[in-house]
Student: 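Could you have a look at this structure, given as structure tokens, before my questions?
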Amino acid sequence: MKLRRLLFPFAIIYDLVTRIRNFCFDKGILKSTEFDIPVISIGNLSMGGTGKTPHVEYLLTLLSPHFEIATLSRGYGRSTKGYLEVNKTSSADQSGDEPLQYKLKFPEVKVAVCENRVEGINQILKSGKAEVVILDDAYQHRHVKPSLNILLTVYGNLFTDDYIIPAGNLREAASGSNRADIIIITKCPVDLADAEKNALQGKVRLHKHQQLFFSTFTYQPIVALNNAEEVLPANYKNYHVLMLTGIADPEPMKIWLQKEFKSVTTLIFPDHHQFDEKDLNRIGEKFNNIASPAIIVTTEKDFTRLSNRALSFPLYILPVKVNFGFNSNEQFDQYILNHVRKNKTNG
């Protein structure tokens with residue numbers, strides 16, 4: 001708290017700059033480009049860890065059977081510049097880890113990266129048919145005016161309880177939530193009670209044009225890779241695990257693994273960390289010091305940054321799936337589908 005107080009003057013300056021920028025976009029002083037097809041932006045006010053990637057995958061799963069879908073990301077951490085279409089042989093270094101994850105899981109979807117989102121969408125439209133574009137992590141990229149804005153905020157750390165960076169984790173003031181059409185409170189407990197749901201809704205303070213949903217993460221069966229066994233044996237609960245991650249919020253994964261396995265040792269790298277040979281040696285040493293039988297478990301996103309490495313240890317990935325609480329999956333799905341159909345027709 002003391003450090004936060006010391007940084008508060010800098011947060012005031014940052015807040016002023018972002019408010020002026022948003023004012024210029026709101027008044028048309030800075031240009032926002034609209035497109036003739038549905039453009040769905042999904043992002044957050046905070047610096048990360050809201051579960052954006054699984055929610056993008058939820059949209060891809062929902063929409064790809066019905067429409068020609070494209071995703072556009074900045075490609076955080078990539079070594080390339082400009083517009084790039086991602087393919088299954090791309091590396092995370094070329095495309096960024098999240099775009100590569102989308103392509104590997106949804107090979108029929110056009111996945112592209114570009115720092116300039118307007119240019120990126122124009123290139124997508126030029127290079128082939130696209131009926132819907134999903135903008136990944138683009139809530140603050142206001143040069144594009146999306147047809148639908150989805151804002152994510154984490155249960156236990158709502159944007160209403162946070163501060164502007166560097167005093168907190170917000171990229172802009174909480175009032176930026178007014179631009180959202182849908183707000184999703186993510187990583188909620190599976191047993192979230194109605195009373196707490198109502199309390200959270202009161203904290204968010206929805207406007208008339210906004211819808212609120214609550215989502216949870218469900219971990220899926222662990223997937224074997226490399227020289228590991230195809231499936232975990234029946235006695236896997238007696239196994240020891242090295243949890244290997246480079247994501248913004250590894251705590252939910254750790255909690256789940258601790259319930260499933262005999263012991264969990266963590267090796268945590270910064271978000272989007274690019275693994276090198278030194279890291280692989282460190283991972284191997286850490287793994288060799290764990291009691292047997294043992295495996296290494298990582299995330300799908302981390303695996304994209306490990307997949308081009310020669311790995312000698314048994315590596316598994318732990319997929320995650322989004323589910324909407326209070327039996328609202330169908331309500332959310334219909335909202336999205338109706339929006340796309342309406343705007344596709346209008347286009």
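Positions are given from 1, in the same order as the sequence printed here. In this text, all values refer to a predicted model and were calculated from it rather than measured experimentally.
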Student: For the residue pair Ser79 and Asp93, confirm or rule out a side-chain donor-acceptor distance under 3.5 Å.
Tutor: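 Yes, a side-chain donor-acceptor pair sits under 3.5 Å.
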
Student: Verify whether one side chain among Thr265 and His240 offers a donor that lies under 3.5 Å from an acceptor in the other.
Tutor: no

Student: Is there a continuous path of hydrophobic side-chain contacts, each under 4.5 Å between heavy atoms, that joins Tyr335 to Val204?
Tutor: no

Student: Output a table of donor-acceptor pairs, distance under 3.5 Å, between side-chain atoms of residues 37-46 and any protein atom two or more places apart or on a different chain; print 'none' if there are none.
Tutor:
unit_1	atom_1	unit_2	atom_2	d
Ser41	OG	Asn149	OD1	3.4
Asn44	OD1	Thr50	OG1	2.9
Asn44	ND2	Ser46	O	2.6

Student: Would you mind telling me which of Asp136, Val322, Thr61, Leu135 makes a side chain to side chain contact (heavy atoms under 4.5 Å, CB included) with Val56?
Tutor: Asp136

Student: May I have the step-by-step check of side chain to side chain contact (heavy atoms under 4.5 Å, CB included) for Asp181 and Gln211, ending in yes or no?
Tutor: CA-CA 6 Å; Asp181 302 293; Gln211 296 280 327; over 6 Å; no

Student: Which class fits the ring pair Tyr58 and Phe332: parallel under 30°, tilted 30 to 60°, perpendicular over 60°?
Tutor: perpendicular

Student: Side chain to side chain contact (heavy atoms under 4.5 Å, CB included) with Ile296: which of Val241, Leu315, Ile317?
Tutor: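 Checked Val241, Leu315, Ile317 against Ile296; only one passes side chain to side chain contact (heavy atoms under 4.5 Å, CB included): Leu315.
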
Student: Measure up the Trp256 and Tyr219 rings against each other and bin them: parallel (under 30°), tilted (30 to 60°), perpendicular (over 60°).
Tutor: tilted

Student: Does a salt bridge link Arg142 with Asp26, judged by any charged N lying under 4.0 Å from a carboxylate O?
Tutor: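 Salt bridge: yes.
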
Student: Hydrogens and angles aside, do Glu85 and Gln123 bring a side-chain donor and acceptor to less than 3.5 Å of each other?
Tutor: no

Student: Show your working on side chain to side chain contact (heavy atoms under 4.5 Å, CB included) between Leu280 and Leu306 and close with a plain yes or no.
Tutor: CA-CA 9 Å; Leu280 297 185; Leu306 288 162; 3.9 Å; yes

Student: Hey, could you give me the CG/CG distance between Asp194 and Asn198, rounded to the nearest 0.5 Å?
Tutor: 6.5 Å

Student: Determine, for Glu300 against Lys105, whether the closest basic-nitrogen to carboxylate-oxygen distance falls under 4.0 angstrom.
Tutor: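 So Glu300 pairs with Lys105 through a salt bridge.
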
Student: Rounded to the nearest 0.5 Å, what separates atom CZ in Phe313 from atom CD1 in Ile295?
Tutor: 13.0 Å

Student: Hey, are Lys187 and Glu251 close enough for a salt bridge, meaning a charged N less than 4.0 Å from a carboxylate O?
Tutor: no

Student: How are the rings of Phe217 and His55 set to each other: parallel, tilted or perpendicular (split at 30° and 60°)?
Tutor: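 Phe217 and His55: tilted rings.
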
Student: In this structure, would Tyr239 and Leu257 fall into the same cluster of hydrophobic residues linked by side-chain contacts under 4.5 Å?
Tutor: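 Per the 4.5 Å side-chain linkage, Tyr239 and Leu257 are co-clustered.
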
Student: Scan Met243, Met253, Gln220 and name whichever one has a side chain to side chain contact (heavy atoms under 4.5 Å, CB included) with Leu318.
Tutor: Met253

Student: How many angstroms lie between atom CG of Leu267 and atom NZ of Lys286, to the nearest 0.5 angstrom?
Tutor: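 The CG atom of Leu267 sits 6.0 Å away from the NZ atom of Lys286.
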
Student: List the steps and the verdict of side chain to side chain contact (heavy atoms under 4.5 Å, CB included) for Lys342 and Asn338.
Tutor: CA-CA 6 Å; Lys342 177 184 176 182; Asn338 289 341; over 6 Å; no

Student: Decide whether Ile165 and Tyr139 are clustered together by the hydrophobic rule: side chain heavy atoms of Ile, Leu, Val, Met, Phe, Trp, Tyr closer than 4.5 Å, transitively.
Tutor: yes

Student: Applying the salt bridge (Lys or Arg N to Asp or Glu O under 4.0 Å) test to Glu98, which of Arg74, Arg305, Arg78, Lys52 qualifies?
Tutor: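 Of the listed residues Arg74, Arg305, Arg78, Lys52, the salt bridge (Lys or Arg N to Asp or Glu O under 4.0 Å) partner of Glu98 is Lys52.
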
Student: When clusters are formed by joining ILVMFWY residues with side-chain heavy atoms under 4.5 Å apart, either directly or through shared neighbours, do Leu151 and Leu206 land in the same one?
Tutor: yes

Student: Would you call Glu260 and Lys237 a side-chain contact if the rule is heavy atoms closer than 4.5 Å?
Tutor: yes

Student: Counting N and O atoms only, with roles assigned by atom type, does the side chain of Glu196 sit under 3.5 Å from a partner on the main chain of Ala193, one being a donor and the other an acceptor?
Tutor: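 No; judged by distance alone, with no hydrogens or angles, the pair does not exist.
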
Student: Take atom CG in Asn327; do more than 12 heavy atoms of anything else shown fall under 6.0 Å from it?
Tutor: no

Student: Is there a path of hydrophobic side-chain contacts, each under 4.5 Å between heavy atoms of I/L/V/M/F/W/Y residues, joining Leu59 to Phe214?
Tutor: no

Student: Spell out, as yes or no, whether a donor-acceptor pair under 3.5 Å connects the side chain of Asp97 to the backbone of Thr304.
Tutor: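 No, because the side chain of Asp97 does not come within donor-acceptor range (under 3.5 Å) of the backbone of Thr304.
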
Student: Between Phe25 and His143, is any pair of side-chain heavy atoms under 4.5 Å apart?
Tutor: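 With C-beta onward as the side chain, the pair touches.
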
Student: Ring of Phe269, cation from Arg282 - is the NZ or CZ under 6.0 Å from the centre and inside 45° of the axis?
Tutor: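 Judged by the rule, Arg282 and Phe269 form a cation-pi pair.
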
Student: Quick one: hydrophobic cluster around Ile247, which other residues, with the 4.5 Å side-chain cut-off, linked directly or via members?
Tutor: none

Student: Between Glu115 (side chain only) and Gly82 (backbone N and O only), is there a donor and an acceptor less than 3.5 Å apart?
Tutor: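 Side chain of Glu115 to backbone of Gly82: a pair is present.
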
Student: Using side-chain heavy atoms (C-beta onward) and a distance below 4.5 Å, is Cys188 in contact with Phe326?
Tutor: no

Student: For Gly77 and Gln274, work out which heavy atoms get closest and say how close.
Tutor: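 In this case the closest contact between Gly77 and Gln274 is O-NE2, 4.1 Å.
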
Student: One pair to check against side chain to side chain contact (heavy atoms under 4.5 Å, CB included): Thr71 and Phe106. What are the steps and the verdict?
Tutor: CA-CA 11 Å; Thr71 71; Phe106 302 89; over 6 Å; no

Student: How close do Lys203 and Thr160 get, counting heavy atoms only, and between which atoms?
Tutor: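 Residues Lys203 and Thr160, closest heavy atoms: O-CG2, 3.3 Å.
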
Student: Quick one: closest heavy-atom pair of Pro99 and Gly75, and the distance?
Tutor: CG-CA, 4.3 Å

Student: Check whether any side-chain heavy atom of Leu212 sits under 4.5 Å from a side-chain heavy atom of Leu200, and report yes or no.
Tutor: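 With C-beta onward as the side chain, the pair stays apart.
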
Student: Check Tyr14 against Arg171 and note the closest heavy-atom contact, atom names and distance.
Tutor: CE2-O, 2.9 Å

Student: Looking at every non-hydrogen atom in both residues, tell me the closest pair between Ala130 and Leu125 and how far apart they are.
Tutor: O-CD2, 4.1 Å

Student: Taking all heavy atoms of Val111 and all of Tyr102, pick out the closest pair and write down the distance.
Tutor: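 Shortest heavy-atom separation between Val111 and Tyr102 comes out as CG2-CB, 4.1 Å.
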
Student: Taking atom types as modelled, find out whether His273 and Asp279 have a side-chain donor-acceptor pair closer than 3.5 angstrom.
Tutor: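 Judged by distance alone, the side chains do pair up.
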
Student: Regarding Asp302 and Thr299, is there a side-chain donor-to-acceptor distance under 3.5 Å anywhere?
Tutor: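 The answer is yes; a qualifying pair exists.
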
Student: Testing Thr216, Leu152, Leu158, Leu192 for side chain to side chain contact (heavy atoms under 4.5 Å, CB included) with Ile185, which one passes?
Tutor: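 Only one option passes, and that is Leu158.
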
